[in-house]
Asks: 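Below you'll find the structure I mean.
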Amino acid sequence: MFLWGTATASYQIEGAVDEDGRGPSIWDTFSHEPGRTRDGHTGDVACDHYHRWPEDVALMAEAGLNAYRFSIAWPRILPFGRGPANPAGLDFYDRLVDALCEKGITPVPTLFHWDLPQALEDEGGWLNREISGYFADYVAVVAERLSDRVRTWITLNEPFVHMVYGYGLGMHAPGRMLFLDALPVAHHQLLGHGLAVQALRAGGAERVMISNNCTPVWPASDSPEDLAAADAYDTLHNRLFNDPILTGAYPDLSAYGRPELDFVRTGDLEIIAQPLDGLGINYYNPTRITRPGEPAPGSGGLPFEFAAITDYPTTAFGWPVVPDGLRELLESLKATYGPALPPIYITENGCSYDGIDDQERIAYLDGHIAAVRAAEGVDVRGYFVWSLLDNFEWAEGYHQRFGLVHVDFETQKRTPKASYYWLKDLISSQSTEAQSAEKAQSTET
Ligand code: BGC
Ligand code: BGC
């Protein structure tokens, strides 16, 4: 069964940050620091999904969606990151999973979507190797409670974005600006992923994957300098996170002056490279890269620079709309990894636009779904729209609206947009097609 879903994340929708024993996360801390988010927005209330989840589940059921990717807030389960579990936190996800199953919606929880318990940040966050093990312990607690109903799991969301924005550039929590010294964060997340895979398997999981943010990298020209810069960026954004998982080896980071990776210990890569049942791909847009100019002071000098993509329409966020980039990405993953590439699930794809009559979002989704179909020889088994609801868009606060459903953040009123009804029609025509194909097949035989 092809999975048609939407995706959300705990801190972006739940609110209720100090209810029922939830501990503080790094996003609570960060968003309350002056100047960190646009207009000082925080996730304190967000979409109030913690209280309104029955309405949100009903919206999904009404659209005919058969899967839902959400994330579990580690600080709801283990308020201080480790130690005793908080039963009320487990109960919340337990009820949500029950409600989804009752409506025939496959729950697809992500175990980490950036809201690290603050207590673990106080021990160094993902710079501290120990966090990988604490992550696996937390995952085991969740699996024990939910794995009788949850068969499909995602370990991490976008370890690249968490490392670069959170620890490299300071634009996301925990707000560190370490540039390339953030690299151990990649490894410790990937090690945590591997240990979590083991914990999930031990708990009886059937389908385990990770969601990586991937981008096709376009060199600004065919000059050797631009090609080398593009290759360096591809290494950092895509291959640093896909290679170890799919091939058991890190790509060559000598373009960054870091060939040694001294934080990798014997045996780590075996843990990281365990077989997966799927690879989650989050795609938004391609990236154009040019040779580096003068390094910004303190940046340590990177072997690439971003170049604007100006020849395409853009979303309200200013991101270029390039549906064919998704086809390009999928085909290049297949070319790079061959038989080592597991089935693909598009675990995020979407765009920010204002308004309820969101024809631009319809065009975006239509184009990207067509691009998935056009990708040759790639086994894609699911597609999740980011996002069900307008929500807390991290450093952008409530300014960027990615939802199929509009949220009035004053009243919490949900209003399905034109794209919601469009997707509903698409899914129902798909299932009618699938049914008649099945019928035709059974009359043939
Ligand atoms: C993240 C989401 C985010 C979306 C849009 C992805 O990188 O996983 O949390 O809201 O992009 O920026
Ligand atoms: C946004 C994040 C997003 C990231 C990568 C940032 O500008 O704030 O939400 O995940 O870009 O796409």
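When a ligand or atom number is given, it counts from 1 through the structure's own listing order. Keep in mind the model is a prediction, meaning the values are calculated, not measured.
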Asks: Using a 4.0 Å cut-off to any heavy atom of Trp386, which atoms of ligand 1 qualify?
Replies: 2 (C), 3 (C), 4 (C), 9 (O), 10 (O)

Asks: Taking the six-membered ring of Tyr50 as reference, does the cationic atom of Arg76 (NZ for Lys, CZ for Arg) lie under 6.0 Å from its centre and within 45° of its axis?
Replies: yes

Asks: Between ligand 1 and Asn391, is the shortest N or O to N or O distance under 3.5 Å?
Replies: no

Asks: For atom 4 (C) of ligand 1, which candidate among Tyr284, Trp114, Tyr11 holds the nearest heavy atom?
Replies: Tyr284

Asks: Find out whether Val321 and Asn285 are in side-chain contact, i.e. whether some heavy atom of one side chain is under 4.5 Å from a heavy atom of the other.
Replies: no

Asks: Quick check: does Trp319 get an N/O under 3.5 Å from an N/O on ligand 1?
Replies: no

Asks: Does Ile26 offer a backbone N or O that forms a donor-acceptor pair with the side chain of Glu121 under 3.5 Å?
Replies: no

Asks: Would you say Asn282 has any N or O atom under 3.5 Å from an N or O of ligand 1, going by distance alone?
Replies: no

Asks: Would His113 count as a contact of ligand 1 if the rule is a heavy atom under 4.0 Å away?
Replies: yes

Asks: Given Gln12, Glu158, Glu396, Glu393, which one has a non-hydrogen atom that is nearest to atom 9 (O) of ligand 1?
Replies: Gln12

Asks: Any salt bridge between Arg239 and Asp231, counting N to O under 4.0 Å?
Replies: no

Asks: Cationic tip of Arg69 within the cone over Phe384's six-membered ring, i.e. under 6.0 Å and within 45° of the normal?
Replies: no

Asks: State plainly whether the residues Asp277 and Arg201 are in salt-bridge range, i.e. N to O under 4.0 Å.
Replies: yes

Asks: Atoms of ligand 1 less than 4.0 Å from Asn157 heavy atoms?
Replies: 8 (O)

Asks: Looking only at heavy atoms, is any part of Glu348 under 4.0 Å from ligand 1, and if so is it the side chain, the backbone, or both, or is it neither?
Replies: side chain

Asks: Can you name the side-chain hydrogen bond (donor to acceptor under 3.5 Å, both in side chains) partners of Arg414, sequence neighbours left out?
Replies: Asp56, Gln412

